[in-house]
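One structure is given here, and the rest of the page talks about it.
In what follows, residues are counted from 1 in the order of the sequence shown.
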Amino acid sequence: MKLYVISLAVGLLVGIIYAVLQVRSPAPPAIALIGLLGMLIGEQIVPGVKRLMAGEAITVSWLRSECVPKISGVEAKPALAKAEPQKDDSAA
């Protein structure tokens, strides 16, 4: 139930912002999609700041594994494992 109340409160806040900016609601598709993209990217700022405050680096691999899937909705591809040298069993 708490999640629904929070969702309603955020919706009200967005409605107020729309009114202040004089943007019709529902917003035209391009504006709405850009706003949603901003929300998705904005959600990733908090984990990044937490990581920096913990003294950890923000690396490309961290961005690809943690942020990109949440923004794009596409799961990250696993890193390519280093190929182990082939053992030649024919010499035995």
_Pair Tyr4, Leu8 - check side chain to side chain contact (heavy atoms under 4.5 Å, CB included), show working._
CA-CA 6 Å; Tyr4 292 104; Leu8 177 62; over 6 Å; no
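Linking ILVMFWY residues whenever their side-chain heavy atoms come closer than 4.5 Å, directly or via other members, places Met53 and Ile45 in the same cluster. Placement of Leu63 and Val49 in two distinct hydrophobic clusters is found when ILVMFWY residues are connected by side-chain heavy-atom separations under 4.5 Å, directly or transitively.
Applying the side chain to side chain donor-acceptor pair (under 3.5 Å) test to residues at least two apart or on different chains, the pairs with a partner in residues 48-61 are Arg51-Glu56, Thr59-Ser61.
Listed by chain and residue number, Trp62, Lys70 satisfy the side-chain contact (heavy atoms from CB on, under 4.5 Å) test with Glu66 (two or more places apart in sequence, or in another chain). Ile6 is linked by a side-chain contact (heavy atoms from CB on, under 4.5 Å) to Lys2, Val10, counting only residues two or more places apart in sequence or in another chain. Leu21 meets the side-chain contact (heavy atoms from CB on, under 4.5 Å) test with Ile17, Val23; sequence neighbours excluded. Scanning for salt bridge (Lys or Arg N to Asp or Glu O under 4.0 Å) contacts around Glu43 gives an empty result, with sequence neighbours left out.
In the hydrophobic clustering, Ile34 connects to no other residue, as no ILVMFWY side-chain heavy atoms lie under 4.5 Å from its own.
The two residues Leu40 and Ile71 come nearest to each other via the heavy atoms CD1-O, 3.5 Å. Here the shortest heavy-atom pairing between Ser65 and Pro69 reads O-CG, 3.5 Å.
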